[in-house]
Structures are given as structure tokens and as C-alpha cells.
Amino acid sequence: MTLKLLGVSGSMREGAHSARAIDFVLDAAREHGAETRMISLRELDLPMYRPRGQAIETDGVRLANELVVWAEAFVLASPDYHGSMSGAMKNFLDYYWTELAGKLFGYLCASHEKGLTVMDQMRTAVRQCYGWSLPYGVSFNGEEDFDKAGIKTPAVERRLRMLSRDLVVYGSLIRDQFRRDLESDTPETFVARYRKQ
Ligand SMILES: Cc1cc2nc3c(=O)[nH]c(=O)nc-3n(C[C@H](O)[C@H](O)[C@H](O)COP(=O)(O)O)c2cc1C
């Protein structure tokens, strides 16, 4: 069975490098048999998160809800804003909790530095939701590593290809074990809390 991989671009900038890197990762993931979809938070324009009952329902919210439930693994890309993930990415993550559990996440960061704090913040938010993370991320400098045709730095391209492959391979393994644990009655697994009563 193919892995359903959702890319999320957290930049509000037109022509964002975050979105271009997501496109590259999703193209490569399809070569490994993944089914892919993409969300650009710039286009989705999600309202600021409000708790259930006070939520503002827009077409963007409905599409995000549908795709987050559909996805079995994610690649999140954020620009580095003051050493943090973008507000748009944090707002997107605030909408979800149990929907992210047991799914694998990979992280990208468009930064003039290394983007490590940005990717650590996304990893922390995902961990709080019981999602799994690849043990590395990929950062790039938009101006230096991209040109009009695409990615021009071979080392960045290699790392993005590696991340695509690892997301598909490890994402499938984790998805399959999560499903087995959901269907079993083993009490000694974090998955027990996600079983339907
Ligand atoms: C509000 C704001 C804060 C930023 N802070 C940083 C920063 O702390 N470190 C950095 O390397 N770049 C910083 N940048 C630059 C962006 O991270 C950089 O331009 C990035 O490539 C944009 O990604 P995008 O093309 O996906 O929008 C900042 C940009 C903005 C708008």
C-alpha cells in the first residue's frame, strides 16, 4: 500500500523557498511510491485557531481538516522567523492533536542560518501530539541554494532526496505498526489510548 504524504508550506511569501522545497520532496517521494498532497498556508489563509465551539469554519479550515486526517506522514517546511517557526505554521499545528498521533514527520527550514531552533520547535509541537519525527531535518538558504530552475546546491538536493526516501520507508513502517497496535488489545503501548472504545 502506498504512503499518503502531506506537505505543508508555512511561508506567507509568494514564490516561497519553503514551498519549492516541499514540491521537490513530494516529487521525490512519488518516485518511492507515495501518494502526495500539499497545503500552502499562504493560500489556505487559516483563521487564528479558536477552541471547538468557537471555531471559524472556512473552506481552508475544511480542506486542512480533510487532508490532515487523510495523511499518514507529513513534511513541514517553515521559514526561520526570529529563530522560530512561522506564526502560520504554529497556527496550523494548533488546530490538531490526536490527528497527528502515530504519524511520521520530516522538517525543512528556509533560513540564513541553520534553522535548528525552528525545526526543534516543530519537533516539540509534534511530540506533544504523539507524532514521530525523523532524527534530522534539512535547512537551506533560499538565495544561495535555489535558482530559477530549482535547487542548485548538490548537497541540499541530496539531503532532500534522503529525507523523501526516509519519510516513505519509515513512515510506512510506523503506520503499519500503529495500525497493528490499534487493532490489538495490548495495553503496553501508547497506541492504546487511540483505540475506539
Ligand atoms: C519576520 C522575519 C523574521 C526573520 N528572522 C530570521 C532569522 O531569525 N534568521 C534567519 O536566518 N532569517 C530570518 N528571516 C529571513 C527568512 O527566514 C528567509 O528570508 C527565508 O528564506 C524565507 O523563507 P521563504 O522563502 O520560504 O518565505 C526572517 C524573515 C522575516 C520576514
Side-chain angles (χ1 to χ4, degrees), residues 3-12 16 18-19 21-22 25-26 29 34-42 44 46 48-49 51-52 60-61 63-111 114-140 159-160 162-179 181-182 189-195:
L3 181 80
K4 294 173 181 154
L5 177 62
L6 179 65
V8 182
S9 167
S11 176
M12 300 300 276
S18 303
I22 292 271
V25 167
L26 296 183
E35 202 181 320
T36 66
R37 299 288 302 271
M38 172 163 175
I39 289 175
S40 159
L41 297 179
R42 179 177 191 279
L44 230 51
L46 296 178
M48 190 63 74
Y49 168 75
R52 278 198 182 87
V61 171
L63 180 61
N65 290 345
E66 182 194 320
L67 290 179
V68 165
V69 171
W70 169 87
E72 297 166 333
F74 292 76
V75 53
L76 307 183
S78 176
D80 183 335
Y81 284 176
H82 305 325
S84 312
M85 72 176 107
S86 68
M89 179 61 79
K90 181 63 171 66
N91 186 48
F92 165 75
L93 291 171
D94 287 347
Y95 273 79
Y96 304 106
W97 179 40
T98 54
E99 297 86 350
L100 309 186
K103 299 178 179 180
L104 181 63
F105 287 72
Y107 306 102
L108 309 179
C109 181
S111 177
K114 296 214 184 284
L116 292 175
T117 48
V118 178
M119 294 189 281
D120 276 348
Q121 288 173 2
M122 293 192 280
R123 186 174 283 117
T124 297
V126 165
R127 186 200 65 207
Q128 291 297 113
C129 303
Y130 285 84
W132 297 90
S133 292
L134 282 182
Y136 64 91
V138 182
S139 66
F140 45 84
R159 284 181 65 76
L160 290 175
M162 178 170 79
L163 182 128
S164 300
R165 183 270 179 197
D166 283 342
L167 270 173
V168 176
V169 172
Y170 289 95
S172 302
L173 290 169
I174 287 170
R175 174 202 60 195
D176 293 348
Q177 186 60 46
F178 190 79
R179 280 183 187 165
D181 282 338
L182 270 183
T189 167
F190 80 99
V191 180
R193 65 159 72 180
Y194 299 102
R195 289 180 193 136

Can you find a pair of side-chain heavy atoms, one from [X] and one from [Y], that are under 4.5 Å apart?
| X | Y | answer |
| --- | --- | --- |
| L6 | T36 | no |
| E35 | E72 | no |
| R127 | S133 | no |
| Q177 | L173 | no |
| R37 | W70 | yes |

Heavy-atom closest pair, residues [X] and [Y]:
| X | Y | answer |
| --- | --- | --- |
| D181 | R195 | O-NH2, 2.8 Å |
| I22 | G7 | CG2-CA, 3.8 Å |
| S78 | S86 | OG-N, 2.9 Å |
| G83 | Q121 | O-NE2, 3.6 Å |
| A73 | L3 | CB-CD2, 3.8 Å |
| A88 | G10 | CB-O, 4.0 Å |

Spacing of [atom1] belonging to [X] relative to [atom2] belonging to [Y], to within rounding of 0.5 Å:
| X | Y | atom1 | atom2 | result |
| --- | --- | --- | --- | --- |
| R175 | K4 | CZ | NZ | 8.0 Å |
| W132 | L104 | CH2 | CG | 9.5 Å |
| D120 | M85 | CG | CE | 10.0 Å |
| E66 | L63 | CD | CG | 6.0 Å |
| Y170 | L163 | OH | CG | 12.5 Å |
| R123 | Q128 | CZ | CD | 14.0 Å |

Decide whether Y136 and R159 meet the rule of one side-chain donor and one side-chain acceptor closer than 3.5 Å. no
S111 side chain to D80 backbone, donor-acceptor under 3.5 Å: no
Is the side chain of S164 donor-acceptor paired with the backbone N or O of V25 at a distance under 3.5 Å, no angle test? yes
If the plane angle is over 60° it's perpendicular, under 30° parallel, otherwise tilted; pick one for F190 and Y194. perpendicular
Using the rule given for side-chain contact (heavy atoms from CB on, under 4.5 Å), can you reason through V75 versus L26, listing the C-alpha separation, both sets of side-chain angles and the distance that settles it, and then say yes or no? CA-CA 9 Å; V75 53; L26 296 183; 4.1 Å; yes
Quick one: side chains of residues 91-103, donor-acceptor pairs under 3.5 Å with protein atoms, not counting sequence neighbours, listed by atom name and distance.
from: N91; atom 1: OD1; to: Y49; atom 2: N; distance (Å): 2.8
from: N91; atom 1: ND2; to: P47; atom 2: O; distance (Å): 3.0
from: D94; atom 1: OD1; to: K90; atom 2: NZ; distance (Å): 2.6
from: Y95; atom 1: OH; to: P47; atom 2: O; distance (Å): 2.6
from: Y96; atom 1: OH; to: N65; atom 2: N; distance (Å): 3.2
from: Y96; atom 1: OH; to: N65; atom 2: OD1; distance (Å): 2.7
from: E99; atom 1: OE1; to: W97; atom 2: N; distance (Å): 2.9
from: K103; atom 1: NZ; to: V68; atom 2: O; distance (Å): 3.0
from: K103; atom 1: NZ; to: A71; atom 2: O; distance (Å): 2.7
from: K103; atom 1: NZ; to: E99; atom 2: O; distance (Å): 3.0

Give the intermediate values and the outcome of side-chain contact (heavy atoms from CB on, under 4.5 Å) for residues L108 and L160. CA-CA 9 Å; L108 309 179; L160 290 175; 3.6 Å; yes
Could you give me the CA-CA distance, side-chain angles and deciding distance for L76 and M89, then say whether side-chain contact (heavy atoms from CB on, under 4.5 Å) is met? CA-CA 8 Å; L76 307 183; M89 179 61 79; 3.9 Å; yes
Can R42 and S9 be said to form a side-chain contact (heavy atoms from CB on, under 4.5 Å), step by step? CA-CA 8 Å; R42 179 177 191 279; S9 167; over 6 Å; no
